[in-house]
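Numbers restart at 1 for each chain; the letters A, B, ... are given by sequence-line order, proteins then strands. In this text, all values refer to a predicted model and were calculated from it rather than measured experimentally.
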There are 2 protein chains.
Amino acid sequence: MPAYKTRAQFVANDLRGRILGGEFPGGSQLRQDALAKDYDVSRIPVREALLALESEGLVEFHAHRGAFTTELSIAKIRELFELRVLLETYMLKRAIPNLTEEQLDDAEGILRKYDAALDSRGQIDNWSEYNFVFHQALYAPANLPETMAIISQLNTKSDRYIRMQLLYTQEIEKAEREHHTLLAFSREGRIEQACQLLEAHILEACEGIVSILEGRAQAQQQTLPNTR
Amino acid sequence: MPAYKTRAQFVANDLRGRILGGEFPGGSQLRQDALAKDYDVSRIPVREALLALESEGLVEFHAHRGAFTTELSIAKIRELFELRVLLETYMLKRAIPNLTEEQLDDAEGILRKYDAALDSRGQIDNWSEYNFVFHQALYAPANLPETMAIISQLNTKSDRYIRMQLLYTQEIEKAEREHHTLLAFSREGRIEQACQLLEAHILEACEGIVSILEGRAQAQQQTLPNTR
DNA sequence: TTTCCGCAGTTTGTATACAGTGTGCAATAA
DNA sequence: TTATTGCACACTGTATACAAACTGCGGAAA
């Protein structure tokens, strides 16, 4: 059986992975012809895949000029992460009272898989996905699908930068410890503390990313100091 | 000169208007061929328009079965409006300290146009748009484009139901008065009161919509009581 | 009678082909 | 040399044509 219902969906999923994986730096043009050859399909499903990625904020269309990967300013990254704080704490607050034992155990199971993957190294790509799956497991009992969709969208948009941070710093262990604590708070129904930790957890990641980007920007300025 | 850069964009904009205007009840199938004939274009731009509307939540694709207008459950409507409260009060709180005299006057100008349109009646279609423009004018100084995009998205999704409410009740005048008060609070920098009013303003609309839908659901049950 | 299978018709999904727009280079003039 | 105009190329946007999937109905089997 075919892995996906349509070619467009397949291309969209795969291309999303490639973009998030860093294959296309921000601002790269995504030529439809080249992608069509890559996937051995026509340009039509490629275009539709690109449109789907546009709605996720990974790509921007300019009429008659094509599709380009997006690049977020530091201000926008800050904005995204603050939105995540707002929405995810809201979500967690509503989820904790509904959490069942079974759901908590599921979340713990995900953390264990994490830890295992963590040992085997080199799995940053997957880590990023597991990370969201864990958070999702905690939020799901809130039963707010629309909110979840937006949170998911925000996570996708920030994903590239989170991977970058993981690449440059060794924050995985710390994040992992925070996840365990977060789960413990949730299990004990300590809503306030859980939300505070979650907020700190998200904002720390944000600051890590921003400091990397700022460092990179400075390095650029030093290399080419001719800013007339 | 062409009004739009691409045919797909034109179709998307026009079709959005038709859907929000109530031409297609929730769950209607949107046949690509029929729409293509309507607009005298091929199915390709129609498909792309439908994909755009899908990302706005107005339409859902089912692989190999086509596109259908979405229908929101009461629970989802409540969720959407609560999200609007969360995000729009957050936005307003951040906007008020940045509001300039000029921006306040702009907002007031929009309200005046409202009032004029209100007298000339029958302009519910436009009212819905003016409504968002006014709110947008108040929020803009917060300088949070990503947040604004999400708020805009939520407004689009709830727009159909707001129009329905305006059609069945005479709440326009009340909403209009609240807008004036909201503007006054904003002008005076009374953040807390402005946000409280905004919250009530949004939740009132929500309850109005829900009561209409619940009434309608009951009427349905009475007409066909054969629920085996 | 009820259930299952298969076929025809309809609609979507995709390939191919064509038209239109933007871009960059080259040639010309100042 | 530098600025400007026009042309050719490349790529996107769209039309047309074809392939594949789903739906509903009718008939056969249990």
How long is the line joining [atom1] of [X] and [atom2] of [N], in whole Å?
| X | N | atom1 | atom2 | answer |
| --- | --- | --- | --- | --- |
| A:Phe68 | D:dT12 | CZ | P | 8 Å |
| A:Arg47 | C:dT16 | CZ | C1' | 15 Å |
| A:Tyr4 | C:dG13 | OH | C1' | 18 Å |
| A:Leu51 | C:dG13 | CG | P | 14 Å |
| B:Gln9 | D:dT12 | CD | P | 16 Å |
| B:Tyr39 | D:dA15 | OH | P | 14 Å |
| B:Asp40 | D:dA15 | CG | P | 8 Å |
| A:His62 | C:dG20 | NE2 | P | 24 Å |

For the side chain of [X], starting at C-beta, report the closest nucleotide among [options].
| X | options | result |
| --- | --- | --- |
| A:His64 | D:dA15, C:dG13, C:dG22 | C:dG22 |
| B:Gln29 | C:dT11, D:dA15, C:dG13 | C:dT11 |
| A:Gln32 | D:dT14, C:dT14, D:dG13 | D:dG13 |
| B:Ser42 | C:dT12, D:dT16, C:dT14 | D:dT16 |

Exercise. Could you walk me through whether B:Arg163 and B:Tyr168 pass the side-chain hydrogen bond (donor to acceptor under 3.5 Å, both in side chains) check?
Worked result: CA-CA 9 Å; B:Arg163 290 182 195 218; B:Tyr168 283 82; over 6 Å; no
Which part of the nucleic acid does [X] contact within heavy-atom distance under 4.0 Å: base, sugar-phosphate only, or nothing?
| X | result |
| --- | --- |
| B:Arg31 | sugar-phosphate |
| A:Leu30 | sugar-phosphate |
| B:Arg43 | base |

Exercise. For C:dG13, does either OP1 or OP2 sit under 4.0 Å from a side-chain N or O belonging to A:Arg7?
Worked result: no
For this session: Mark yes or no for whether A:Glu79, through its side chain, and B:Glu146, through its backbone, hold a donor-acceptor pair below 3.5 Å.
Result: yes
Between [X] and [Y], does at least one N-O distance fall below 4.0 Å, as a salt bridge requires?
| X | Y | value |
| --- | --- | --- |
| B:Asp38 | B:Arg18 | yes |
| A:Glu56 | A:Lys157 | no |
| A:Glu82 | B:Arg94 | yes |

Exercise. Of A:Ala63 and A:Ile44, whose closest DNA chain C nucleotide lies nearer the 5' terminus?
Worked result: A:Ile44
Exercise. So which one's nearest nucleotide on DNA chain D is more toward 5', B:Arg65 or B:Thr6?
Worked result: B:Thr6
